[in-house]
Amino acid sequence: MSWASLEDIFLSTSLASYLDKKLLVLLRDGRKLLGILRSFDQFANAVLEGACERVIVGDLYCDIPLGLYVIRGENVVLIGELDLEREELPPHMTRVSAADIRRVSCTVRRFPFFGKIAILEKLSI
Amino acid sequence: MLFFSYFKDLVGREVTVELKNDLAIRGTLHSVDQYLNIKLENTRVVDQEKYPHLLSVRNCFIRGSVVRYVQLPPEGVDIELLHDATRREARDG
């Protein structure tokens, strides 16, 4: 395995320029993982340190800590570099606990027709 | 190798990449590789409200295997050049 040269980092499509940066990884199953990229390879397998899963239901979100993750490249959709100067989420979104987000997402799954807002009002969140 | 070479010539152009999960991202083509993985800069999601988590993402790497379409500006396409390259590839490949 060869080490990344300066050219690799600035001009190519390698993930070398994303090393040690906080990233958002979108997976094929719709999950969103955030973490610091520590390693990668030609298949876009990746090692994320301090990973957490950001679950978003309507206007609510929750970050569930996961620890050190190795992601198999075939599941990766997109790897995005988070701009630290900007807000990661729109300001109207509210952070809730893991238990609340799990409750809300179960209810939304069972009653998709009524819409997420109606469900959230019912749950008085 | 034809499309790899073609995309290399399009580096610096504004493109919209539509993914198999229906997400569409507009941005400047920064680089492409042999797997047609794409790196975009100055990205913005086409339907921003539907994907709030991508608000602060300005640069991204997109795995080639998840791309459905790459939408190009019509001025970016030299049809004759493409035709010639395709004929050459078909003849030699």
Side-chain angles (χ1 to χ4, degrees), chain A residues 7-19 21-34 37 40 42-46 52-63 71-94, chain B residues 1-13 15-71:
Chain A
E7 274 168 5
D8 287 341
I9 295 173
F10 290 119
L11 299 172
S12 76
T13 313
S14 96
L15 289 167
S17 67
Y18 289 1
L19 279 172
K21 295 214 167 112
K22 184 173 182 196
L23 305 173
L24 171 73
V25 181
L26 292 184
L27 301 182
R28 281 199 344 225
D29 63 3
R31 273 188 267 203
K32 306 143 199 101
L33 300 183
L34 292 103
L37 183 71
F40 67 92
Q42 70 268 39
F43 305 109
N45 295 327
C52 67
E53 179 184 348
R54 181 159 283 169
V55 182
I56 297 178
V57 181
D59 284 344
L60 306 179
Y61 75 97
C62 179
D63 288 348
I71 304 170
R72 189 177 161 87
E74 66 172 315
N75 298 295
V76 170
V77 169
L78 174 156
I79 298 181
E81 192 183 340
L82 294 167
D83 187 350
L84 299 172
E85 312 260 313
R86 295 173 176 272
E87 280 305 306
E88 286 176 7
L89 289 168
H92 61 86
M93 298 190 63
T94 330
Chain B
M1 289 311 264
L2 190 159
F3 283 99
F4 175 36
S5 310
Y6 177 63
F7 282 131
K8 273 200 290 189
D9 289 339
L10 286 176
V11 166
R13 300 253 192 205
V15 298
T16 301
V17 181
E18 185 177 322
L19 308 181
K20 290 176 183 170
N21 65 358
D22 295 338
L23 177 63
I25 302 173
R26 192 166 180 75
T28 314
L29 185 64
H30 171 269
S31 54
V32 69
D33 66 14
Q34 50 174 322
Y35 306 112
L36 303 187
N37 294 331
I38 290 171
K39 252 192 180 174
L40 292 180
E41 301 208 311
N42 297 315
T43 58
R44 23 195 197 296
V45 177
V46 169
D47 188 354
Q48 189 74 55
E49 263 110 72
K50 201 171 164 203
Y51 304 100
H53 46 284
L54 289 162
L55 188 62
S56 80
V57 173
R58 278 294 159 269
N59 308 318
C60 68
F61 164 94
I62 301 172
R63 202 171 191 270
S65 59
V66 304
V67 173
R68 182 186 291 142
Y69 303 124
V70 179
Q71 294 160 12

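Only heavy atoms go into these numbers, but all of them, side chains included; no hydrogens, no water, no symmetry mates. Keep in mind the model is a prediction, meaning the values are calculated, not measured.
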Practice prompt. Determine, for A/Glu85 against B/Arg58, whether the closest basic-nitrogen to carboxylate-oxygen distance falls under 4.0 angstrom.
Written response: no
Worksheet item: Under a 4.5 Å heavy-atom cut-off, does chain A meet the side chain of B/Val66, its backbone, both or neither?
Response: side chain
Fill in: A/Arg31, CZ: over 12 other non-hydrogen atoms inside 6.0 angstrom
no
Discussion item. Take a 6.0 Å sphere around OH of B/Tyr69 and say whether it holds more than 12 heavy atoms from other residues, nucleotides or ligands.
Written reply: no
Discussion item. Is A/Leu84 close to chain B through its backbone or its side chain, or both, or neither, when contacts mean heavy atoms under 4.5 Å?
Written reply: neither
Discussion item. At a 4.5 Å cut-off on heavy atoms, which part of B/Ile25 comes close to chain A: side chain, backbone, both, or neither?
Written reply: side chain
Fill in: Closest-packed option against chain B by number of heavy-atom pairs under 4.5 Å, given A/Glu74, A/Met93, A/Arg54, A/Gln42
A/Glu74
Worksheet item: Relative to chain A, which segment of B/Asn21 carries a heavy atom at a distance below 4.5 Å: side chain, backbone, both, or neither?
Response: side chain
Worksheet item: For B/Ile62, is it the side chain, the backbone, both, or neither that has a heavy atom closer than 4.5 Å to a heavy atom of chain A?
Response: both
Discussion item. Under a 4.5 Å cutoff for heavy-atom pairs, which residue among A/Val77, A/Leu82, A/Leu34, A/Val76 has the most contacts with chain B?
Written reply: A/Val77
Worksheet item: Given a strict heavy-atom distance threshold of 4.5 Å, which part of A/Tyr18 is in contact with chain B: side chain, backbone, both, or neither?
Response: side chain
Worksheet entry | Contacting region of A/Leu24 [heavy-atom separation from chain B under 4.5 Å] | side chain
Worksheet item: Where do B/Val70 and B/Leu10 land on the side chain to side chain contact (heavy atoms under 4.5 Å, CB included) test, with the steps shown first?
Response: CA-CA 11 Å; B/Val70 179; B/Leu10 286 176; over 6 Å; no
Discussion item. Over 60° means perpendicular and under 30° means parallel, so tell me whether B/Phe7 and B/Phe3 are parallel, tilted or perpendicular.
Written reply: tilted
Worksheet item: So, for A/Arg86 and B/Ser56, which heavy atoms are closest and what is the spacing to 0.1 Å?
Response: CB-CB, 3.9 Å
Worksheet item: Going by an N to O cut-off under 4.0 Å, is there a salt bridge joining B/Lys39 and B/Asp33?
Response: no
